[in-house]
Undergrad: 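Pasting a structure here, questions to come.
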Amino acid sequence: MTVDLRHLRIAAHGELVSLVLMLANLATVHARAASSLLGPAHGCAYLVVVVATWRLARAGPVARVLALVPGIGGLLAVRSLRRAGPGEQRTAGTAPG
């Protein structure tokens, strides 16, 4: 199974969105049903980000450590991997970097 940046990016966004929703729930109504759904979703997304980053052969130590940061770490790791760049396929019309 190969891990591609698109899958990592999706998991990283899921991790961040679930964290924001959990915090919003905590700050407002604190609905137990929302907490019981969002908590495991966030944990699963976090684990997917960490494992996917560590499985990438081109992921250096910086990207791997960034992936361990809860919430925003996945997006930071994706950004670090995109900057490192060798082997990444660019889509037509996008600038490098």
Undergrad: Only counting residues at least two apart or in another chain, list the ones meeting side chain to side chain contact (heavy atoms under 4.5 Å, CB included) with Leu68.
TA: Tyr46, Val50, Trp54
Undergrad: According to a hydrophobic-cluster definition based on side-chain heavy atoms being under 4.5 Å apart (Ile, Leu, Val, Met, Phe, Trp, Tyr only), do Leu75 and Val20 belong together?
TA: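 Yes: a chain of side-chain contacts under 4.5 Å links Leu75 to Val20.
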Undergrad: Quick one: does Leu66's side chain get under 4.5 Å of Thr53's, heavy atoms only?
TA: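 Heavy-atom side-chain distance check fails, nothing below 4.5 Å.
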Undergrad: CG/Leu81 to CZ/Arg64 distance, rounded to the nearest 0.5 angstrom?
TA: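 With rounding to 0.5 Å, CG (Leu81) is 9.5 Å from CZ (Arg64).
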Undergrad: If I compare all heavy atoms of Ser36 with all of Pro40, which pair ends up nearest, and what's the gap?
TA: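 So the minimum-distance heavy-atom pair works out to O-CD, 3.1 Å.
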Undergrad: So which heavy atom on Ala63 is nearest to which on Ala77, and how close?
TA: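 Scanning both residues, the minimum pair turns out to be O-CB, 3.6 Å.
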Undergrad: Rounded to the nearest 0.5 Å, how far apart are CG of Leu47 and NE2 of His42?
TA: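 So the gap between those two atoms works out to 9.5 Å.
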Undergrad: Is any side-chain heavy atom of Arg82 less than 4.5 Å from a side-chain heavy atom of Arg9?
TA: yes
Undergrad: Using a 3.5 Å distance criterion without hydrogens, assess whether the side chain of Asn25 forms a donor-acceptor pair with backbone atoms of Ala34.
TA: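 Judged by distance alone, no pair lies under 3.5 Å.
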Undergrad: Residues two or more places apart in sequence or in another chain: which of them pass side chain to side chain contact (heavy atoms under 4.5 Å, CB included) with Ala45?
TA: Glu15
Undergrad: If hydrophobic clusters are built by linking Ile, Leu, Val, Met, Phe, Trp and Tyr wherever their side-chain heavy atoms come under 4.5 Å apart, do Leu76 and Val49 end up in the same one?
TA: no
Undergrad: Quick one, Leu8 and Leu56 - any side-chain contact, counting heavy atoms below 4.5 Å?
TA: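 The answer is yes, as the side chains (C-beta and beyond) meet within the 4.5 Å cut-off.
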Undergrad: Contact between Met22 and Leu19 at the side-chain level, heavy atoms closer than 4.5 Å - yes or no?
TA: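 Contact flag for Met22/Leu19 side chains = yes.
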Undergrad: Just by modelled atom types, is the Gly14 backbone N or O under 3.5 Å from a matching donor or acceptor in the Ser18 side chain?
TA: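 Judged by distance alone, yes, a pair lies under 3.5 Å.
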Undergrad: Can you tell me how far the CD1 atom of Ile10 sits from the CG atom of Leu5, to the nearest 0.5 Å?
TA: 11.0 Å
Undergrad: Do Arg83 and Val62 have side-chain heavy atoms sitting under 4.5 Å apart?
TA: no
